[in-house]
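This report refers to the structure that appears directly beneath it.
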Amino acid sequence: MVLKVSEANGSFDRYHGDFEGSEGLLRASCPSFGETFVGGMALRSKRSALCAEPPTSSCGPSLSVASVIPTSPSKSSVLSASSGCSMPIPIVLPKKHNSFPGRGSVHTWIDGMRAQSPPPIRSLPGDTPELFDLEAAIYKSWLEDHPSALSSFDRVIKQSHNKQIVVFLDYDGTLSPIVEDPERAFMSAEMRATVKEVASCFPTAVISGRSRPKVYDFVRLSELYYAGSHGMDIQGPSNISDGFRVKGTKSRDKKGNDATNFQPASEFLPLINKVTTALIENTKMVKGAKVENNKFCVSVHFRRVKEELWEGLAERVGNVMKEFPTLSLTHGRKVLEVRPSIEWDKGKAVEFLLKSLGFQDTNDLIPLYLGDDKTDEDAFKVVNSTKYGCSILVSSVAKPTEAKFSLRDPSEVMGFLCKLVHWEKCRQDPNSIYMDRNFSQIP
């Protein structure tokens, strides 16, 4: 298989060549395309041409240029067991923080954001039938290693006999679509009803980069556990039937019910407020930039900023960060995120929630995690480290991931969750015919 892509006037021209077999070489020359890693090729940013070296990524194994090589997620240690009915507060170690990196890292952040939200590649009008949509072909190849969780549903639940399923969900891009204005990332009423049904069948948690109160305002379901600020702000009821046990700060939820909070980065709160003020002041001249205080982390959104202004905005953020050496900077889908430099992430939040719910023996457990962003990769690794864990990336484009399965978008997420609930209802009562309006069109 040989595929060539030529560039003209900064945009893709035509696709030349034909397919000669699935084991051939997929080649491309597209220096102005935002960086992304795909099954069989690496597309680099305008600052670097296509090269044969494997691309660098913190999100799992890279894909070579020569061929599509099946990969398996790297293994991390299995969750340690803990006995006793009360969950001790884990020791959170500070990260080693380096001096602020230079201009090259600004380019790395920008390339990383492009990689998380790569633009579509389309053939031009008039192409012959033999010339195809490159993006679709790459995605199809990628699906061989990350099959649809809908079409592979039987594989997802095949080991479920006498095991407890626990569901973890990201919010943006998973339960709600990615939108230009992060304040309007609303989930649909149908999705809310579906998640409510899931929570009636399984322990269910939402783990988001948003502040916990904000993600609760979007979801508005008291049946769930919530972990905001990438897991640095966890809340669960103090006295519930499934035995949520955690030592933390006693509080009240929005309905006035008793709740327990665990906040491993609480001492960073004054610093987070201070850096938020500095970022707002230093980015206010960049049209479209938005700074969002998520309590224990801060998001600088690039989604409404023209791409030619990204580098300047990233440099402004970098200059602010020089004054805050105990904070770290990461990137996601058109966002830079400031976080406390501690060893805590969504994966640690998954471990903490499982232990707090009393699920020490992971051999009797099927944790499911659905997420769409780079920050979800830490959770994928933890879920994969359990014997029967299932990690699902929500993405309509090919990208490197630790996830075993995939779904294209929130609509497929809802279809998968509906199917999961329907399966559980039938498992509870094999003689029943469970058919709700949400399940009438299960794939």
Side-chain angles (χ1 to χ4, degrees), residues 76-92 156-157 159-170 195-208 212 216 219 221-228 230-253 255 257-264 343-371 378-391 417 420-421 423-425 427-428:
S76 56
S77 60
V78 177
L79 296 172
S80 59
S82 173
S83 60
C85 61
S86 183
M87 172 73 182
I89 296 177
I91 297 174
V92 181
V156 173
I157 50 88
Q159 303 289 348
S160 61
H161 183 65
N162 290 332
K163 293 181 178 63
Q164 174 66 58
I165 293 176
V166 183
V167 179
F168 299 97
L169 302 165
D170 180 34
V195 174
K196 185 178 178 71
E197 288 277 6
V198 172
S200 72
C201 296
F202 318 103
T204 304
V206 173
I207 304 180
S208 173
R212 179 182 47 76
Y216 182 90
V219 179
L221 293 173
S222 60
E223 301 94 329
L224 309 184
Y225 304 91
Y226 291 90
H230 298 288
M232 286 182 277
D233 187 5
I234 300 174
Q235 185 178 86
S238 295
N239 299 299
I240 55 176
S241 59
D242 56 4
F244 188 69
R245 302 181 287 274
V246 56
K247 288 182 179 179
T249 304
K250 302 299 180 182
S251 64
R252 300 268 184 181
D253 63 21
K255 291 189 174 182
N257 301 315
D258 289 336
T260 302
N261 288 4
F262 176 68
Q263 299 171 335
E343 294 291 346
W344 197 265
D345 50 42
K346 289 185 176 183
K348 295 289 187 183
V350 168
E351 288 182 321
F352 182 80
L353 283 165
L354 287 175
K355 292 176 183 178
S356 297
L357 288 165
F359 300 126
Q360 288 88 9
D361 186 357
T362 58
N363 289 325
D364 295 327
L365 183 70
I366 301 182
L368 306 180
Y369 190 101
L370 287 74
D378 297 307
F380 291 156
K381 291 176 185 177
V382 168
V383 167
N384 291 345
S385 73
T386 65
K387 189 171 182 180
Y388 302 112
C390 178
S391 49
L417 295 177
L420 185 65
V421 171
W423 168 83
E424 175 64 12
K425 296 287 186 180
R427 183 172 74 158
Q428 292 175 2

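The chain is numbered in sequence order, starting from 1. What you see is a predicted model; the values in this text were computed from it and never measured.
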* Test V350 against V166 for side-chain contact (heavy atoms from CB on, under 4.5 Å), laying out the working first. => CA-CA 10 Å; V350 168; V166 183; over 6 Å; no
* Going through the distances and angles, do V382 and F168 end up as a side-chain contact (heavy atoms from CB on, under 4.5 Å)? -> CA-CA 12 Å; V382 168; F168 299 97; over 6 Å; no
* **Intermediate values then yes/no, side-chain contact (heavy atoms from CB on, under 4.5 Å), L420 and V167** => CA-CA 10 Å; L420 185 65; V167 179; 4.1 Å; yes
* For N261 and Q235, what are the C-alpha separation, side-chain angles and deciding distance, and is it a side-chain contact (heavy atoms from CB on, under 4.5 Å)? -> CA-CA 5 Å; N261 288 4; Q235 185 178 86; 2.9 Å; yes
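A distance of 15.5 Å separates CD of E351 from CZ of F359, quoted to the nearest 0.5 Å. The NZ atom of K348 lies 13.5 Å from the CE atom of M232; values are rounded to the nearest 0.5 Å. How far CH2 of W423 is from CD1 of I165: 4.0 Å, rounded to the nearest 0.5 Å. Rounding to the nearest 0.5 Å places CG of D378 at 9.0 Å from OH of Y369.
More than 12 heavy atoms of other residues, nucleotides or ligands lie within 6.0 Å of NZ in K163, so this atom counts as buried by the packing criterion.
Residues S160 and R427 are in side-chain contact: their nearest non-hydrogen atoms beyond the backbone lie under 4.5 Å apart. L353 is listed as a side-chain neighbour of I207, based on a closest heavy-atom distance under 4.5 Å. Using a 4.5 Å heavy-atom cutoff, the side chains of L221 and Y226 are in contact.
Heavy atoms only, all atoms of each residue included: S208 and D170 are closest at CA-OD1, 4.1 Å. A pairwise comparison of heavy atoms in R212 and D233 identifies NE-OD1, 3.2 Å as the closest pair.
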